[in-house]
Amino acid sequence: MSRFAFTQAPIDASSLAEPLAHDGAGGYATFEGRVRDENEGREVVDLEYEAFEPLAIAEGERIVEAAMRRHGATAARCVHRLGRLAVGETAVWVGVAAPHRAEAFAACREIIDEVKHRVPIWKKERYAGGDSGWVNCRHGDACHRPEAGFDYSRQQALPEVGAAGQARLAAARVVVVGAGGLGSAVLPSLAGAGIGELVVVDHDRVEGSNLPRQPLFTVADIGRSKAEAAALRLAAYNPGVRVTALARRFDAALAAEVVPGADAVVDCTDNFATKFLVNDAAMRAGVPAVLASVYQYEGQLQVVRADQGGSCLRCQWPEATRDGLVGNCEQAGVLGPVPALLGQLQATEVLKLLLDLPGQLRDEVLLVSLLEPGMRRLAAPRHAGCAGGCVRLPGEAAPAPPAGVDLGLPLAAAVRAGYRIVDIREPMECAFEPLPVEGESVPLGRLLDGGLPPDPERPVLLVCAHGVRSRAAAEFLRARGHTAVWSLEGGLAGQAGAH
């Protein structure tokens, strides 16, 4: 039995109460909210409820479970009506059983208060002389549905948009892969623009370290599914937009399910494997894709127009860059406004292609730097021999990484053994935590560009902060014939106490 549910049928309190009976429950409390015949001096004829059901049910379940746990209740349930209700009908019912009456009363009150403030439910009261319009039950504010106040007039005032362009946006379906730093900028911008349907894909959960650069979430969302939390926020922001939350990893099967039929797919992830999967799925389906990535204080943006025979990631990089060669936000750090800016640029490119606005990125990469504010466009033409060869079908097995690149020796022992120590961290990292032994500094980007002078007499040990970048770089060099290259297992973080 679900702890929170909606029903179109009249609520039968006695049948709902019966399953809550328990021999250990000495206290039992119920609440019934009914449709009254007046509101602020106006005669109410009837009332209508609507809800964003999938997300509302998930949030309602969390509310009931939390109240039971906090107050020690043995059983609880909440049922809310949807559809049109007559005066006097029960709109919401809450029942709680607990060992004592105080716990039952407290849990019952918490459930109804939290449902009112957190669950996306809207109502419309009909009066003898008109109606209230749709009202968000959580705040009592006018609901932001297109027919009830979400005003696109400033956007429609643009001659390139107008009513026809707004209608095109309302008919569009956009898939957004990733609800992190980039997604926190992309999703509200697209919802605010009036995109008809947003599909949010993210298998991760909200963490406290996400919040400085992911304002789509709050402290109360920590531990929740990012996709579901984002969809709840978007539904409250603009309920006129349909939002589908997919709390799943974006793999080949899901790509084949959600990308075909979309008007655009937006990559907001922080790993290369998923970026190339988004790229390949878009190429196969002939769907435009807007890709972005960030690194510390800079980022880049690319639009893949498979529908127009444009270039894609594989025109420049036939194989996906191995994850770890470039640190993600967790490893390398990032300034919060950087993903926000790149995400806004992604949203702008989506709107430009849906509205066919001028200035779209075509066979180009846009580079953005915030330390020295500026943008550059670099040509990224389609490879002459592509002819569809850019697409590597999802599901193909990637080549197995070379084995045996990790070296578990302490750094001091590696020096004594004759290894050439090469620190591949960025200069700022090296200044903050200097290498504890004699070694060379060759930042990762320079290393991959051939910046490591060969020394056939000595094996090379690559060092980074945690061993992730160094391992990926060692595999990269091994695959290109540099056999005497190893990675310091665990990086400098794993050297505490080593001798």
Practice prompt. Would you indicate whether the side-chain heavy atoms of Asp406 and Arg471 approach each other to under 4.5 Å?
Written response: yes

Worksheet entry | Side chain to side chain, Leu211 and Val206, heavy atoms closer than 4.5 Å | yes

Discussion item. Can you tell me if Arg376 has over 12 outside heavy atoms packed within less than 6.0 Å of its CZ?
Written reply: no

Practice prompt. For the residue pair Leu291 and Lys275, establish whether any side-chain heavy-atom pair is separated by less than 4.5 Å.
Written response: no

Fill in: Non-hydrogen side-chain atoms of Glu53 and Leu82 separated by less than 4.5 Å
yes

Worksheet entry | Test: Glu59 and Arg62 ion pair at under 4.0 Å | yes

Worksheet item: Going by an N to O cut-off under 4.0 Å, is there a salt bridge joining Glu349 and Lys352?
Response: yes

Practice prompt. Kindly compute the distance separating CD1 (Ile11) from NE2 (His80), expressed to the nearest 0.5 Å.
Written response: 8.0 Å

Discussion item. Walk me through whether Arg168 and Asp356 qualify under salt bridge (Lys or Arg N to Asp or Glu O under 4.0 Å).
Written reply: CA-CA 10 Å; Arg168 290 171 67 178; Asp356 197 24; 5.6 Å; no

Worksheet entry | With Leu462, the side chain to side chain contact (heavy atoms under 4.5 Å, CB included) member among Leu477, Val405, Leu488 | Leu477

Worksheet item: Salt bridge check: are Glu426 and Arg469 linked by an N-O gap of less than 4.0 Å?
Response: no

Item to complete: Could you tell me whether a side-chain N or O of Asp221 sits under 3.5 Å from a main-chain N or O of Ala229, the two making a donor and an acceptor?
Response: no

Discussion item. If the condition is side-chain contact (heavy atoms from CB on, under 4.5 Å), which residues does Ala282 pass it with, not counting sequence neighbours?
Written reply: Val265, Ala289

Fill in: Between Asp151 and Ser153: side-chain donor-acceptor atoms closer than 3.5 Å
yes

Fill in: Centroid separation Tyr297 to Tyr295 less than 6.0 Å
no

Worksheet item: Looking at CG of Leu85 and NZ of Lys123, how far apart are the two atoms once the value is rounded to the nearest 0.5 Å?
Response: 11.5 Å

Fill in: Contacts of type side-chain contact (heavy atoms from CB on, under 4.5 Å), residue Pro10, not counting sequence neighbours
Arg81, Glu89

Worksheet item: Are Cys78 and Val94 side-chain neighbours, meaning at least one heavy-atom pair lies under 4.5 Å?
Response: yes

Fill in: Student check: side-chain heavy atoms of Arg233 and Leu187 closer than 4.5 Å
no

Counting only pairs under 3.5 Å, give me each side-chain donor-acceptor contact of residues 246-263, with atom names and distances, residues two or more places apart or in other chains.
| from | atom 1 | to | atom 2 | distance (Å) |
| --- | --- | --- | --- | --- |
| Arg249 | NH2 | His203 | NE2 | 3.2 |
| Asp251 | OD1 | Ala253 | N | 3.4 |
| Asp251 | OD1 | Leu254 | N | 2.9 |
| Asp263 | OD2 | Arg173 | N | 2.8 |

Worksheet item: Can you tell if the side chain of Val266 reaches within under 4.5 Å of the side chain of Val278, non-hydrogen atoms only?
Response: no

Practice prompt. Please tell me if the side chains of Val161 and Tyr152 come closer than 4.5 Å, counting only heavy atoms from C-beta onward.
Written response: no

